[in-house]
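We count ligands from 1, going down the list as the structure has it; atoms in each ligand are counted the same way. In this chain, residues are counted from 1 in sequence order.
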Amino acid sequence: MKKEYFTYNPSQTKKLAEILAKKILKIRPKNKAFIIGLEGDLGGGKTTFLQGFAKGLGIKEKILSPTFVIFKKFKITKRKNKKQKIKSPLFAHSKNAKMQKFKNFYHVDCYRIRGSKEILNLGFKEIISNPENIVAIEWAEHIKKIIPKGVFWIKFKFIDKNIRKIKIMC
Ligand code: ADP
Ligand code: MG
């Protein structure tokens, strides 16, 4: 599936990401991490997008453009669905209580990464193997070789000062 959006300011980009994050939280985790590759122009809005995305995941900390940090891990604690808040053993077997949840959000920035080996040495395989993780990778094109098939890809294009084209492929 391919969807293309135009956003006309950073807030619209963040909102688009927030909506996507909320949808992803409803997905039942599979046997590996949920991965999103973000690629495209410098200043295209990848970090801005991930700020909205983290908000949608219920993360309060600020998402920055990491200059020296390659991975940053955030805890996903939001439990909006009221049914999941009920601790009673009566609900232990209900559909919602049984549903496994994403627990961590990894913001990865491969801007400085030249070649897949570098990031493999940092434990990338373990991070993308853990079904509790949602992993968003900026500059994912730098490590395309080691990104599994069938993941989400989002392409950012700088159109002018305030306009971005955002293509979501999944
Ligand atoms: P990247 O991570 O792709 O290099 P950033 O998100 O760090 O890009 O930077 C995007 C810059 O463009 C920010 O300064 C942001 O305020 C600005 N901007 C202007 N219009 C938009 C828009 N429609 N969507 C996202 N960012 C925008
Ligand atoms: Mg960035």
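In terms of the side chain to side chain donor-acceptor pair (under 3.5 Å) criterion, T48 has no residue partners (sequence neighbours excluded). Applying the side chain to side chain donor-acceptor pair (under 3.5 Å) rule to K75 yields the partners N104; only residues at least two apart in sequence or on another chain are considered.
A salt bridge links K22 with E18: the distance from a Lys NZ or Arg NE/NH1/NH2 to an Asp or Glu carboxylate oxygen falls below 4.0 Å.
Taking 2.8 Å as the threshold, Y111 does not count as a candidate ligand of the Mg ion (ligand 2), since none of its N, O or S atoms lies below it. Among the backbone and side-chain atoms of E138, an N, O or S atom lies under 2.8 Å from the Mg ion (ligand 2).
Hydrophobic side-chain contacts under 4.5 Å tie I163 into a cluster, directly or through other members, with F6, Y8, I159.
Aromatic ring centres of F53 and F105 lie closer together than 6.0 Å.
Near ligand 1, residues T7, Y8, N9, P10, T13, D41, L42, G43, G44, G45, K46, T47, T48, E138, K161, N162, R164 each place a heavy atom inside the 4.0 Å sphere around the ligand atoms.
Remark: the backbone N or O of K101 is not paired with any side-chain donor or acceptor of R28 at under 3.5 angstrom.
Taking the six-membered ring for Trp and thresholds of 30 and 60 degrees, F49 and F156 have ring planes more than 60 degrees apart, a perpendicular arrangement.
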